[in-house]
Amino acid sequence: MKGITVLGATGSIGLNTLDVVARHGGRFRVVALTANTRWERLLEQCRRWRPELAVLREPGGAARLEEALRREGLPTRVATGEAGLVEAAAHPEAHYVMAAIVGGAGLQATLAAARAGKRVLLANKEALVMAGALFMDTVRDAGAELLPIDSEHNAIFQCMPEGFRAGERPAGVEQVLLTASGGPFRTLSPEAMARVTPDQACAHPNWDMGRKISVDSATMMNKGLEIIEARWLFGLSLEQVQVVVHPQSVVHSLVQYTDGSVLAQLGQPDMRTPIAHALAWPERMPSGVAPLDLFRVGRLEFEPPDPERFPCLRLAVEAARRGGNATIGLNAANEVAVAEFLAGRIPFPAIPAIIEEVMAQAPAGDPRTLDEILAADARARSEAAARAAIMAEQRNHA
Ligand code: NDP
């Protein structure tokens, strides 16, 4: 029986993870669950899973959760704050840690799981974008296992040579082809994009995801972050990662070998497949996902991305080339800008505009320690917030 901690248990990936775990009763035991503010949803999960530890980052909600658990006579202990998340990640009874907190907020807990030598199921790509070198060094030094959950990276992992481990340089690989759905605005004109609403941006044609990653898909920043993620996971140069727009989201990514072979992983657009793959690896187990019916899919189309209409892709490539402070700035500014867009304060095209301005201010340098990374992240966030405030003001006066 493998113990599992789910960081970000109340989110889209967290719920999918628990759905897969529920299909394999005797195989996994839920040890710890975490959330940010949604304590009622975490309470329901505690009733169902009876974890040893439940963590709510926000202290007010944690107090309410603790009171409700005590009232119902449930055995779960409650912790809060960053320390609580780190405790859940490093819990001695957890063999596996699903890292599914959204954004840079997940960095410290994800790192703690690696430091504790766990099998880390990595959905939190922002952690790798911010702290790739530190994270990969920690995985190696602690002897942790790293399995990608992002559907594209999980697909690439599945197509890698036998025995491949994340962070190694794969033998015989020419390049990887990272597929992108193109998001809800794939064919939209720049004029129409200027008027889109948060709900339109979150209405992804193929995937049902949390709101932040949905907006990232709409701007194609998601693919930009994934380029950086792929470089760390698969030891590749920037030139070895090619983005291919594939609107059907059936081919999840491909690996091209030096002999001309191209291996692809296909499947339904359902995150339970990569989650089940990473939980069972190197074996296989059912995920609850319906079989792929190629006759219903009918056609598979591929087209090049358009960095003019999707400037976030261009900015991410530039950040990947510069590395260090530029990638930290890219991620931080994106998180701030997306939150402002979702709150209705800035228009959609302001997202790349804010990121570009923050990246232009990013000093040269490559922060390597956690403290340096967090300081660079905080600096970039406050610059992005200041720029967003100016843009919101301009919008109010327009
Ligand atoms: P959601 O927004 O659905 O869920 C986020 C989870 O993180 C929730 O449990 C939330 O708690 C928690 N959380 C949010 N902010 C904090 C914080 N400051 N401190 C602690 N916990 C926090 O996100 P997704 O599940 O969509 O995405 C999670 C990660 O997985 C992201 O990095 C995303 O890029 C990646 N990913 C997601 C995919 C998907 O299909 N959804 C696909 C591939 C990758 P609460 O409920 O209390 O707010």
Side-chain angles (χ1 to χ4, degrees), residues 5-20 32-45 54-62 64-65 79-89 97-110 112 120-130 147-155 178-181 183 202 204 206-217 219 221-226 228-230 233 249 252-253 268-275 277-278 289 331 334-336 338-339 342 377 381:
T5 284
V6 184
L7 303 171
T10 49
S12 163
I13 293 287
L15 296 178
N16 276 307
T17 303
L18 293 172
D19 181 279
V20 174
L33 297 171
T34 83
N36 187 29
T37 56
R38 286 191 279 182
W39 69 272
E40 285 110 331
R41 191 177 269 199
L42 195 58
L43 174 63
E44 271 169 40
Q45 294 180 339
V55 181
L56 210 74
R57 186 175 206 141
E58 189 261 317
R64 283 192 283 277
L65 175 68
T80 188
E82 188 72 62
L85 298 175
V86 166
E87 187 189 350
V97 177
M98 168 56 77
I101 293 173
V102 61
L107 173 62
Q108 296 192 55
T110 305
V120 183
L121 285 64
L122 185 73
N124 180 208
K125 65 191 89 181
E126 296 92 343
L128 210 49
V129 171
M130 288 170 75
L147 287 157
I149 293 299
D150 230 335
S151 61
E152 296 80 359
H153 302 74
N154 183 271
L178 203 56
T179 53
S181 68
C202 289
H204 196 281
N206 307 333
W207 296 94
D208 181 11
M209 307 181 288
R211 283 173 82 77
K212 190 263 179 183
I213 185 177
S214 295
V215 176
D216 285 348
S217 295
T219 60
M221 177 56 90
N222 185 45
K223 215 44 56 181
L225 298 176
E226 287 179 8
I228 300 168
E229 182 185 13
L233 290 174
S249 298
H252 295 306
S253 277
Q268 301 274 15
D270 188 321
M271 289 308 293
R272 290 176 301 172
T273 294
I275 291 167
H277 168 265
V289 175
N331 180 66
N334 182 55
E335 284 192 35
V336 171
V338 169
L342 282 171
D377 175 67
R381 277 172 202 267

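Order of listing sets the numbers, starting from 1, for every ligand and every atom in it.
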Q) At a 4.0 angstrom heavy-atom cut-off, what protein residues surround ligand 1? A) G8, A9, T10, G11, S12, I13, A35, N36, T37, R38, R57, L85, A100, I101, V102, A105, A123, N124, K125, E126, D150, M209, G210, I213, M271

Q.
Check whether T5 reaches the backbone of A88 with its side chain - one donor and one acceptor, N or O, closer than 3.5 Å.
A. yes

**Q.** Donor-acceptor pair, side chain of D19 and main chain of L15, under 3.5 angstrom
**A.** no

Q. If you measure from the Lys or Arg side-chain nitrogens to the Asp or Glu carboxylate oxygens, is any gap between E126 and K212 under 4.0 Å?
A. yes

Q) Between K223 and E226, is the closest basic N to carboxylate O distance under 4.0 Å? A) yes

Q: Check step by step if side-chain contact (heavy atoms from CB on, under 4.5 Å) holds for I13 and M271.
A: CA-CA 7 Å; I13 293 287; M271 289 308 293; 3.8 Å; yes

Q.
When you compare the side chain of W207 with that of S249, does any pair of heavy atoms fall below 4.5 Å?
A. yes

